[in-house]
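If you read the sequence from its start, that first residue is 1, and numbering goes on from there. Note that the structure is predicted; figures quoted are calculated from it, not measured.
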Amino acid sequence: QVQLVESGGGLVQAGGSLRLSCAASGRAFTASTYAMGWFRQAPGKEREFVAVGWEGITYYSDSVKGRFTISRDNAKSTVFLQMNSLKPEDTAVYYCAADRDVLDLRYRNRGDYWGQGTQVTVSS
């Protein structure tokens with residue numbers, strides 16, 4: 001069984017920064033064989049893609065490009081999301097996901113495994 005556990009969410013003022021972490025565990029999980037990414041869901045809205053990293057390649061949604069950076073430490077089966085210049089519209093529950101097919105994460109809003117989410121609130 002694979003588990004993804006997010007951490008690092010919280011309350012921050014507009015213009016501030018947060019760093020999210022997502023640690024994967026489980027005997028079936030080999031980090032190097034999975035694309036890992038981040039999604040978010042704001043109240044009353046659908047879940048949306050934020051960023052994904054896979055074999056040195058990264059993709060970002062237009063709304064976060066230039067402000068957020070995804071990185072990963074495969075040795076620790078961990079993916080990070082550095083969020084800078086945060087805006088109130090970034091307020092959402094942020095979810096980590098992993099999938100063997102990067103296209104599932106990038107384009108299909110699908111993942112083999114999902115975390116429980118961490119709340120990010122940006123005040124104006």
Side-chain angles (χ1 to χ4, degrees):
Q1 185 176 358
V2 175
Q3 287 189 321
L4 303 181
V5 179
E6 303 97 335
S7 61
L11 173 64
V12 64
Q13 288 189 332
S17 298
L18 283 175
R19 189 190 194 211
L20 305 183
S21 300
C22 170
S25 63
R27 295 179 62 184
F29 191 83
T30 302
S32 61
T33 64
Y34 282 85
M36 296 184 74
W38 292 92
F39 292 76
R40 67 186 182 186
Q41 188 168 19
K45 295 187 176 181
E46 294 186 351
R47 183 174 65 198
E48 66 173 354
F49 167 79
V50 174
V52 63
W54 172 247
E55 293 189 339
I57 300 171
T58 56
Y59 298 102
Y60 297 93
S61 68
D62 288 342
S63 61
V64 307
K65 197 173 298 182
R67 300 187 298 121
F68 291 11
T69 303
I70 189 170
S71 61
R72 42 190 300 170
D73 182 344
N74 284 343
K76 297 182 179 180
S77 298
T78 301
V79 63
F80 306 95
L81 186 67
Q82 178 66 43
M83 306 186 294
N84 298 329
S85 303
L86 283 161
K87 305 175 181 180
E89 51 263 44
D90 294 319
T91 295
V93 177
Y94 283 70
Y95 297 90
C96 172
D99 198 294
R100 290 185 181 273
D101 185 346
V102 66
L103 300 182
D104 278 351
L105 296 179
R106 175 60 185 92
Y107 296 110
R108 303 175 188 133
N109 205 346
R110 289 202 311 236
D112 291 336
Y113 305 106
W114 292 88
Q116 292 299 308
T118 185
Q119 176 70 47
V120 171
T121 304
V122 185
S123 63
S124 56

Would you call R108 and D101 a salt bridge, taking side-chain N to carboxylate O under 4.0 Å as the test?
-> yes

Does L103 belong to the same Ile/Leu/Val/Met/Phe/Trp/Tyr cluster as W54, with side-chain heavy atoms less than 4.5 Å apart forming each link?
-> yes

Could you pull out the closest heavy-atom pair between G37 and L105, with the gap in Å?
-> N-CD1, 3.9 Å

Interatomic spacing from CG in D73 to CE in M36 - rounded to 0.5 Å = 10.5 Å

For side chain to side chain contact (heavy atoms under 4.5 Å, CB included), just list the numbers for V52 and V102, CA-CA rounded to whole Å, side-chain angles, deciding distance to a tenth of an Å, and then say yes or no.
-> CA-CA 8 Å; V52 63; V102 66; 3.9 Å; yes

Check whether any side-chain heavy atom of Y60 sits under 4.5 Å from a side-chain heavy atom of T69, and report yes or no.
-> yes

F68 vs Q82 side-chain heavy atoms within contact, under 4.5 Å | no

Parallel, tilted or perpendicular for Y113 and Y34, by the 30°/60° rule?
-> tilted

Y59 side chain near F49 side chain, heavy-atom distance below 4.5 Å | yes

side-chain contact (heavy atoms from CB on, under 4.5 Å), paired with R72, selected from T78, T58, V79 | V79

I70-V93 co-clustered via ILVMFWY side chain contacts under 4.5 Å | no

Closest approach of A24 to F29 (non-hydrogen atoms, all atoms of both residues) = CB-CE2, 3.4 Å

Does the pair Y94 and R40 meet the rule for a side-chain hydrogen bond (donor to acceptor under 3.5 Å, both in side chains), with working shown?
-> CA-CA 4 Å; Y94 283 70; R40 67 186 182 186; 2.9 Å; yes

Looking at F80, does the NZ or CZ of R19 lie under 6.0 angstrom from its six-membered ring centre and within 45 degrees of the ring axis?
-> yes

Heavy-atom closest pair, residues D99 and D112 | OD2-N, 3.1 Å

Does the side chain of L81 reach to within under 4.5 Å of the side chain of V50, using non-hydrogen atoms?
-> yes

Once you round to the nearest 0.5 Å, how far does OG of S25 lie from CD of Q1?
-> 8.5 Å

Does the side chain to side chain contact (heavy atoms under 4.5 Å, CB included) test come out yes or no for E6 and L20, once each step is laid out?
-> CA-CA 7 Å; E6 303 97 335; L20 305 183; over 6 Å; no

Take R67 and D90 through the test salt bridge (charged side-chain N to carboxylate O under 4.0 Å, His left out) and record every step on the way to the result.
-> CA-CA 11 Å; R67 300 187 298 121; D90 294 319; 2.8 Å; yes

Would a 4.5 Å heavy-atom cut-off, applied to side chains only, mark N109 and R47 as touching?
-> yes

Determine whether more than 12 heavy atoms belonging to other residues, nucleotides or ligands lie under 6.0 Å from atom CD of Q116.
-> no

Nearest atoms (heavy-atom pairs only) where S124 meets A14 | CA-CB, 4.4 Å

So which heavy atom on C22 is nearest to which on L4, and how close?
-> SG-CB, 3.9 Å

When clusters are formed by joining ILVMFWY residues with side-chain heavy atoms under 4.5 Å apart, either directly or through shared neighbours, do W38 and L86 land in the same one?
-> yes

Measure centre to centre between the rings of F39 and W114, then say whether the value is under 6.0 Å.
-> yes

Does T91 reach the side chain of V120, with side-chain heavy atoms less than 4.5 Å apart?
-> no

Closest approach of Q119 to A92 (non-hydrogen atoms, all atoms of both residues) = NE2-O, 3.4 Å

Evaluation steps, side-chain hydrogen bond (donor to acceptor under 3.5 Å, both in side chains), between N74 and S32 | CA-CA 6 Å; N74 284 343; S32 61; 5.4 Å; no

Is it true that a side-chain atom of T118 and a backbone atom of G9 form a donor plus acceptor pair closer than 3.5 Å?
-> yes

Report yes if some heavy atom in the side chain of T33 is under 4.5 Å from a heavy atom in the side chain of R100; otherwise report no.
-> yes

